Amino acid sequence: MLDLKLIRENPSIIKEKLSTRGDGAAYVDKILQLDIERRECIGKAEGLKSLRNTVSAEIAKMKKAGEDASGKIAEMKKVSDDIKSLDEKLSVIEKDINEILINIPNIPADGIPVGKTADENIEVRQWGEKLNGDFKYLDHVELGKKHDILNFETGAKISGSGFPFYKGKGAILERALINFMLDSHRVNGYTEVFMPFLVNRASMEAAEKVPKFEDDMYRIDSDDLFAIPTAEVPILNIHRDEILKYDDLPIKYCGYTACFRREAGSYGRDLRGLLRVHQFNKVELINFCTPETSYDEMEKMLLNACGILEALNIHYRILDICTGDMGFAGSKQYDIETWSPAENKFLEASSVTNCTDFQSRRAMVRFKRPDQKGTEYIHILNGSGLATSRLMVSLLESYQTPDGKIIVPKVLHKYTGFETIG
RNA sequence: GGAGAGAUGGGUGAGUGGCUGAAACCAACGGUUUGCUAAACCGUCGUACGCUGUAAAAGUGUAUCCCGAGUUCGAAUCUCGGUCUCUCCGCCA
């Protein structure tokens, strides 16, 4: 959620910046108009409330002195009615403002690529090289079937399509990846957390996932709980409605969760195997930091995520995401894509995003500087470090041998207890 | 699932209709005292929104005692609905 005051004070700048991000700019004028009405309403209502408070105190005194206050009481009855109708009007206006505000995306950072679609993302760098062995690379679905480690039919039987089923060494490898990533990030200074996979509506709203993206979420109607689409949601909410200590910043968390996404409307796209699933595993990184450090922290987080891929020796590239392709809450976003030799393309395995104060305003996560009055909204960064599903695709495919075996990357041996599959 | 208790500022905790944004204590911060430390004493000590205003400041009004609605001239305090927490019983990984 954007800052209403910021919009009020810099409408043209906000409009200009939002113009690169869909239709956000169109809302600005409407917001400004409503904001004027809102402040008028507040002024009137508060004036009357002030009067009521004063006179009520007088009534109390008169009653104590045994005087008759019925005239003033009748007068205040009328005032109270007026206050009530003004308050009702105000709440309608504020609801309208809020409705618009939750549909305006974050302001893009200076210097990020301007563009409409993913084609206009800019590649920052690549690491490693494309594999070009002189044999036909089997894709992860074929490899999964061959070694009986991944079975999508069984997953479909249990739950439906898009719910992968891992077996034997496949299940162990998945777990190994998660443990390896968590251990690595702990060394990088992140505090490990383990969280609920179902969260309440307030948590989803704080993370700006709901109501805008409610259709993409799995919801449990009977309790109004949501299956988390990412660990970002519960981790972000750790500090909801809190004022953090300046000296504690930055606060960094890593955590594993399963992630649940309905992927409504994306049927037919990248459906094969693990490429687009309703449930996947991810280790998430979250950083709560000051505004002046957030872009530096973002670079560090990116390196933390890349470090996993380098340890696993998987070819990847980094994209600087353009304004039109960026996530709703993001101000700047890097995607990390890992190479799939069988698909012959890069797959998005991670996304590192600086959400600046966009989420913290809704979630009310603030901090206080020493020797300074008032609070500021904290900057919140999130990054996958990483999602195992796409990573598994790249890993299985990249580590296959011409005779169809799969070598387990060395860093995972201590987690798997075996060195090859097949 | 059954029965009961509760939710007040960073913490403990008082307050059952009228100077109560809220006692007291603790913590924190600033200061005095002190050879140093400790102790003592004094002061400060929530947040949000609006208005006035500034270089920064500051002033002022309103709201806020879990959330929402109601009663009343006036609600932390009374009524109703909800959420959450705790205790006991039952069930259970």
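Quick caveat: nothing in here was measured; it's all calculated off a predicted structure. A note on names: the letters A, B, ... follow the listed sequences, proteins ahead of strands, and every chain is numbered from 1.
- By the neighbour-count criterion of 12 heavy atoms within 6.0 Å, atom NZ of A/K61 is sparsely surrounded, having that number or fewer from other residues, nucleotides or ligands.
- Across every strand in view, B/U33 sits unpaired, with no contact that passes the Watson-Crick or G-U test at under 3.5 angstrom.
- The pair A/K300-A/E297 counts as a salt bridge, with a side-chain nitrogen and a carboxylate oxygen less than 4.0 angstrom apart.
- If you check the side chains of A/E192 and A/Y256, you find no donor sitting under 3.5 Å from an acceptor.
- For the residue pair A/S360/A/D357, the side-chain donor-acceptor check at 3.5 Å is not satisfied.
- Taking atom P on both nucleotides, B/C66 is separated from B/U16 by 15 Å, rounded to a whole Å.
- Going from the P atom of B/C26 to that of B/G21 covers 24 Å, rounded to whole Å.
- To the nearest whole angstrom, the two C1' atoms, one in B/A39 and one in B/C51, are 47 Å apart.
- Across all strands shown, B/A38 forms no Watson-Crick or G-U wobble pair with both key distances under 3.5 Å.
- Residue contacts shown for A/R8 are limited to sugar-phosphate atoms, with no base heavy atom under 4.0 Å away.
- Each of A/A74 and A/L51 was matched to the nucleotide of RNA chain B holding its nearest heavy atom; the match closer to the 5' end belongs to A/L51.
- Taking the side chain as every heavy atom from C-beta outward, A/L2 and A/N106 approach each other to under 4.5 Å.
- Each of A/K77 and A/K5 was assigned the nucleotide of RNA chain B with the nearest heavy atom; the assignment lying further toward the 5' end belongs to A/K5.
- The same atom, C1', is picked in B/C92 and in B/C84; the two are 23 Å apart, to the nearest Å.
- Nucleotides B/C88 and B/A22 place their P atoms 39 Å apart, quoted to the nearest Å.
- Residue contacts for A/K63: at a heavy-atom cut-off of 4.0 Å it reaches a base atom on one of the strands shown.
- Relative ring orientation between A/F163 and A/Y218 is described as tilted, the plane-to-plane angle lying within the 30° to 60° band.
- Checking B/G61 for Watson-Crick or G-U wobble geometry (two distances, each under 3.5 Å) identifies B/C49 as its partner.
- Nucleic acid contact class of A/K84 (heavy atoms, under 4.0 Å, all strands): sugar-phosphate only.
- Nucleotide B/C92 has no partner under the Watson-Crick or G-U criteria, as no pair reaches both atom distances under 3.5 Å.
- In the 5' to 3' direction, nucleotides of RNA chain B lying under 4.0 Å from heavy atoms of chain A begin and end at B/G18 to B/G74.
- Using a 4.0 Å heavy-atom cutoff across all strands shown, A/I59 reaches at least one base atom of the nucleic acid.
- B/U54 and B/G43 are spaced 34 Å apart, taking the P atom of each and rounding to whole Å.
- In this structure, A/R38 reaches the sugar-phosphate backbone alone: every heavy-atom distance under 4.0 Å involves primed, P, OP1 or OP2 atoms, never a base.
- For B/U72, there is no paired nucleotide, since no Watson-Crick or G-U wobble pair has both relevant distances below 3.5 Å.
- The pair A/K49-A/D87 meets the salt-bridge criterion, since a charged nitrogen lies less than 4.0 angstrom from a carboxylate oxygen.
- Across all strands shown, B/G17 has no partner, as no Watson-Crick or G-U wobble contact with both distances under 3.5 Å is found.
- No contact: A/K245 has no heavy atom under 4.0 Å from any strand.
- The residue A/K49 sits close only to the backbone: its heavy atoms come under 4.0 Å of sugar-phosphate atoms, none of a base.
- Using N1 to N3 plus N6-O4 or O6-N4 for Watson-Crick, or N1-O2 and O6-N3 for G-U wobble, each under 3.5 Å, B/U44 pairs with B/A28.
- Under the side-chain contact (heavy atoms from CB on, under 4.5 Å) rule, A/H140 has a single partner from A/I149, A/V393, A/L395, which is A/V393.
- Atom name C1', nucleotides B/A55 and B/G50: the rounded distance is 23 Å, in whole Å.
- Contact annotation for A/N200: no contact, since no heavy-atom pair falls under 4.0 Å across all strands.
- Here, B/G30 and B/A38 have their P atoms 13 Å apart, quoted to the whole Å.
- Residue A/T375 is classed as a sugar-phosphate contact, given heavy-atom separations below 4.0 Å to backbone atoms only.
- Under the Watson-Crick or G-U wobble criterion, with both distances below 3.5 Å, B/A23 has no partner in any strand shown.
- For the residue pair A/Y253 / A/E284, no side-chain donor-acceptor distance below 3.5 Å is found, with atom types taken as modelled.
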